[in-house]
Structure formats: structure tokens, C-alpha cells
Amino acid sequence: MKNPLCWVVLTGISIAFIQQGLPVRSQGESQSDNKQMDNITIRQGETLFLSCSQGDFVTHTAWLNRSSILYAGEDKWSVDPRVSLVTLNQDEFTIKIEDVDLTDEGQYICAVQTSRRPRTTSVHIIVQVPPKIVNLSKDLVVNEGSNVTLMCLANGKPEPAIVWRIISPSDDSLSSDNEVLEIPFISRYRAGVYECTAANDIAVDTQTVELTVNFPPSISDGRDVGVTLGQRGVLLCEADAVPEADFEWYRDDRRIFNGFDGIEIEDDGPLSKLTFFNVSEADYGNYSCVAINKLGSANTSIVLYEIIEPTSSTLLQGPGAVQDGSSGTSTVFTPTCLLLIVLLHLLLKF
């Protein structure tokens with residue numbers, strides 16, 4: 001084999017002419033054969049094989065990436081450990097590039113020097129990169145009525161398309177195909193998990209943002225409760241708020257605390273329970289429940305009233321009974337008795 005260093009210098013000159021589209025002639029003044037192969041598209045991270053045919057009477061061969069020599073015959077010129085020689089014979093010259101990256105994109109040239117003239121084969125490598133979200137808004141906590149901006153930026157090749165949507169609770173009306181999602185005057189009903197999707201022809205990348213909306217308590221109307229004397233009674237108070245509300249109970253203007261006069265107060269998330277284990281006459285009356293968080297408060301009133309159980313005497317009397325106020329006894333007049341009294345009155349009149 002001839003001196004490779006000398007040949008490399010000549011090849012570099014020939015490549016410069018090739019890249020400028022000028023004819024290249026060997027010492028024998030015969031025109032070189034230039035062949036352009038179809039573009040090769042490969043995904044980032046895959047392995048690339050570059051091959052060209054040799055032919056007879058080959059004296060020198062080389063694979064070049066733009067202006068850098070990868071291999072000159074069997075001699076490796078690239079310092080990249082991902083590049084290796086696969087096949088070199090009279091029929092084929094193949095190299096391998098592992099774990100292809102975006103920096104590997106560009107034109108590659110296989111240069112073959114025969115005894116008569118040079119021959120080149122060029123191919124353009126296109127590296128496709130799956131989308132990757134590189135800048136996403138952090139989880140947000142805002143107050144109701146605020147203006148909210150969510151951002152999602154992604155890299156990829158081809159350039160990925162960005163889509164925003166709310167997934168919990170599901171709401172198809174709130175979506176966007178822009179990198180920035182604007183939500184003016186946000187309400188409590190827009191709180192939830194938002195999803196950003198970046199997609200191209202290669203793959204899809206998805207990430208989520210949780211949006212919390214703070215709002216003052218809104219309290220449900222209290223329901224009055226009737227309880228028989230001596231029985232157990234429970235007053236319920238429910239409030240919707242973020243952050244969760246703290247509850248306070250009042251009888252008139254006096255605050256009630258847990259354990260006060262045998263009363264138990266139990267709070268469980270949005271619900272508060274005021275329990276009387278043995279209702280007395282003094283317990284009947286009007287109660288107020290107040291729900292409070294850092295944004296405000298709300299209240300409702302609940303009446304605990306007495307239910308009087310029917311006695312055995314009232315059950316026996318029925319609707320036709322007439323109470324004797326002096327004796328405490330009652331006399332029941334049936335329709336038949338009343339009719340006889342009327343007839344007797346008429347007879348005596350005539």
C-alpha cells in the first residue's frame with residue numbers, strides 16, 4: 001500500500017473540490033465518479049452502518065464525516081470510541097457508529113482511489129430525536145381570581161407539538177396547543193392536574209403539573225334537628241374550602257368547646273359534628289357553626305328542638321274525644337248517640 005499520509009493529503013484536496021461541486025480529475029486526467037445516495041434517517045441512540053462498494057484495482061479507501069477522516073483503509077483516524085470498522089475487502093467498505101447522536105448528523109463520504117481515477121459515494125445522515133420536555137412549570141398554589149400561566153418547553157427533531165389539557169378533573173373544554181397555557185381569573189373549579197404532552201414522529205413525552213386553588217369557605221345550610229328529651233342528638237356542619245376550614249361552634253354568643261357540658265365536637269375534613277349524648281331542656285335552642293380559613297369565613301345556624309313522644313292516654317283518646325276539664329275524664333259521643341239525642345229533642349217539642 002502506498003504512503004497513506006501522502007494519499008490523505010491528496011484526498012483532502014479532492015474532497016474540497018467535491019464539496020464545491022467542481023470536477024475532480026486524477027493524474028490520468030479521467031473524470032471521477034461521484035454518486036449521491038438517498039438520505040438515511042436514524043433515531044438517536046441507534047447504531048448506524050455506512051457501507052460503500054469497492055470494486056477492482058482499489059488502492060486506497062476512506063470514510064469521511066464532513067472534513068474529518070473516520071477511517072483510511074484499516075487505519076482508524078477518529079478518536080471517537082463509538083466508531084469502528086466492520087468490513088474491508090475488494091467488495092465492501094463498512095464502518096459502524098454506535099449510539100448515534102444529533103452531532104453525528106451531516107454528510108458522509110466514502111472515497112475510493114483506483115489505479116485509474118477516484119470514486120466517491122456521499123450520503124446525508126438525518127438524526128431524529130424523540131421529544132423531551134426540558135422546561136415545565138412547577139406545581140402551583142394560587143388564590144381564586146388570580147391569573148395563571150403554565151409553560152411547557154420541549155426539544156426534539158422533528159420539532160415536537162405541544163398540547164396542554166386538564167386530566168383531573170377531566171375537562172375537554174380547557175386545552176391548548178401552545179407552549180404556554182393562560183388561565184385568567186382562575187376559579188376553584190379549574191384546580192386539578194394539568195398534563196403537557198410533547199409529541200413528534202418518533203415518540204411522546206408527558207409530564208404533569210398540579211394546580212391548587214385556594215378559596216374561602218362556603219358552608220352548606222344547616223338542617224334543624226329534633227330530639228326527644230334524654231336522647232342522643234347530633235348537629236352537622238359541612239364546609240367547602242381550600243385550605244380546609246377550621247370549625248367553631250356557638251350557643252348564642254358563647255363559644256362551645258369539646259367536652260363542654262358533656263358535648264363532643266369532632267372535625268373530619270370538611271365536616272364537623274356537635275354531639276349531645278343526653279339532651280336536656282337547657283340544650284334546646286339555636287346554635288351557630290363557623291368555618292374559617294386564611295381567606296375568610298362563613299357561618300350557618302342550626303336549631304335543636306324538642307320532639308314530644310305521644311303518651312298512652314293520648315293514643316287511646318283518638319280524634320273524637322272531648323276532654324272534661326273538671327274531672328280529667330273524657331266522654332266519647334258516637335254518631336248514633338248524637339242522632340238519638342236530636343230525635344228525642346224533636347219529639348218533646350211537639
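Here the structure is a predicted model, which means the values were calculated and not measured.
- Put simply, the side chain of Asn89 gets close to the backbone of Asp91: a donor and an acceptor are under 3.5 Å apart.
- Not a single donor-acceptor pair under 3.5 Å links the side chain of Asp205 to the backbone N or O of Ala198.
- Annotation: salt bridge (Lys or Arg N to Asp or Glu O under 4.0 Å) contacts of Glu144 (sequence neighbours excluded): Arg188.
- Between Leu140 atom CG and Ile186 atom CD1 the span is 9.0 Å, to the nearest 0.5 Å.
- Distance check, rounded to the nearest 0.5 Å: CG of Leu64 to OG of Ser78 gives 11.0 Å.
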Using a 3.5 Å cut-off and no angle test, enumerate the donor-acceptor pairs between side-chain atoms of residues 267-274 and protein atoms at least two apart in sequence or in another chain.
from   : atom 1 : to     : atom 2 : distance (Å)
Asp267 : OD1    : Ser272 : OG     : 2.6
Ser272 : OG     : Trp249 : NE1    : 2.9

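- Side-chain N or O atoms of Asn143 include none that pairs as donor or acceptor with a backbone N or O of Ser146 at under 3.5 Å.
- At distances below 3.5 Å, not a single donor-acceptor pair connects side-chain atoms of Asn178 with backbone N or O atoms of Leu181.
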Extract all donor-acceptor atom pairs below 3.5 Å that involve side chains of residues 40-49 and protein atoms in other chains or at least two apart in sequence.
from  : atom 1 : to     : atom 2 : distance (Å)
Gln44 : NE2    : Asp101 : OD1    : 2.7
Glu46 : OE1    : Arg43  : N      : 3.4

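- The distance from atom OH of Tyr71 to atom CG of Leu85, rounded to the nearest 0.5 Å, is 5.0 Å.
- Below 30°, between 30° and 60°, or above 60°: for Tyr287 and Phe276 the angle between ring planes is above 60°, a perpendicular geometry.
- Atoms CD and OG, from Glu98 and Ser84 in turn, are 5.5 Å apart once rounded to the nearest 0.5 Å.
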Can you give each donor-acceptor pair under 3.5 Å made by side-chain atoms of residues 152-166, sequence neighbours left out, with the distance rounded to 0.1 Å?
from   : atom 1 : to     : atom 2 : distance (Å)
Lys157 : NZ     : Glu105 : OE1    : 2.4
Lys157 : NZ     : Glu105 : OE2    : 2.5
Trp164 : NE1    : Glu179 : O      : 3.2
Arg165 : NE     : Glu195 : OE1    : 3.0
Arg165 : NH2    : Glu195 : OE1    : 3.2

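- Judged purely by distance below 3.5 Å, without hydrogens or angles, the side chains of Thr94 and Ser51 pair a donor atom with an acceptor atom.
- Atom CD1 of residue Ile256 and atom CD of residue Glu248 lie 11.5 Å apart, to the nearest 0.5 angstrom.
- Criterion: ILVMFWY side-chain heavy atoms under 4.5 Å apart, direct or through other members. Under it, Ile292 and Ile219 are not part of a common hydrophobic cluster.
- At least one side-chain heavy atom of Leu136 sits under 4.5 Å from a side-chain heavy atom of Cys196.
- Around CZ of Phe277, the count of heavy atoms belonging to other residues, nucleotides or ligands within 6.0 Å exceeds 12.
- Between the side chain of Thr208 and the backbone N or O of Tyr194 there is no donor-acceptor pair closer than 3.5 Å.
- Under the 4.5 Å side-chain contact rule for hydrophobic residues, Tyr189 and Ile167 do not share a cluster.
- Linking ILVMFWY residues whenever their side-chain heavy atoms come closer than 4.5 Å, directly or via other members, places Ile265 and Leu304 in the same cluster.
- Sorted by first and then second residue, the salt bridge (Lys or Arg N to Asp or Glu O under 4.0 Å) pairs with a member in residues 214-241 form an empty list; sequence neighbours excluded.
- A side-chain donor-acceptor contact under 3.5 Å links Tyr284 to the backbone of Leu229.
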| request: Would you sort out whether Cys110 and Phe93 count as a side chain to side chain contact (heavy atoms under 4.5 Å, CB included), showing the intermediate values? | output: CA-CA 8 Å; Cys110 176; Phe93 183 24; 4.1 Å; yes

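- Here the side chains of Met37 and Thr121 are in contact, with some heavy-atom distance below 4.5 Å.
- Both Val123 and Ile97 are part of a single hydrophobic cluster, where members link through side-chain heavy atoms under 4.5 Å apart.
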| task | Evaluate side chain to side chain contact (heavy atoms under 4.5 Å, CB included) for Val180 paired with Leu150, printing each intermediate quantity in order. | result | CA-CA 6 Å; Val180 177; Leu150 299 179; over 6 Å; no

| said: Between Val213 and Ser187, does the side chain to side chain contact (heavy atoms under 4.5 Å, CB included) criterion hold? Intermediate values first, please. | reply: CA-CA 7 Å; Val213 179; Ser187 73; over 6 Å; no

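- For Asp104, the salt bridge (Lys or Arg N to Asp or Glu O under 4.0 Å) partners two or more places apart in sequence, or in a different chain, are Arg82.
- Counting non-hydrogen atoms of neighbouring residues, nucleotides and ligands closer than 6.0 angstrom, the CG atom of Asn135 exceeds 12 such neighbours.
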| message | Working note: Asn65 + Ser68, criterion side chain to side chain donor-acceptor pair (under 3.5 Å); need CA distance, chi angles, decisive distance, verdict. | response | CA-CA 5 Å; Asn65 176 7; Ser68 301; over 6 Å; no

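- Of the possible polar contacts, one joining the Lys76 side chain to the Val83 backbone as a donor-acceptor pair under 3.5 Å is found.
- With Asn293 contributing its side chain and Phe215 its backbone, the two residues share a donor-acceptor pair below 3.5 Å.
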| message | Under the criterion side chain to side chain contact (heavy atoms under 4.5 Å, CB included), I'd like the reasoning laid out for Ile183 against Asn147: C-alpha separation, chi angles, the key distance, then a yes or no. | response | CA-CA 6 Å; Ile183 311 174; Asn147 296 327; over 6 Å; no

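- A donor-acceptor pair is defined here as one N or O able to donate and one able to accept, closer than 3.5 Å; no such pair exists between the side chain of Trp77 and the backbone of Trp63.
- Between the side chain of Thr59 and the backbone N or O of Gln113 there is at least one donor-acceptor pair closer than 3.5 Å.
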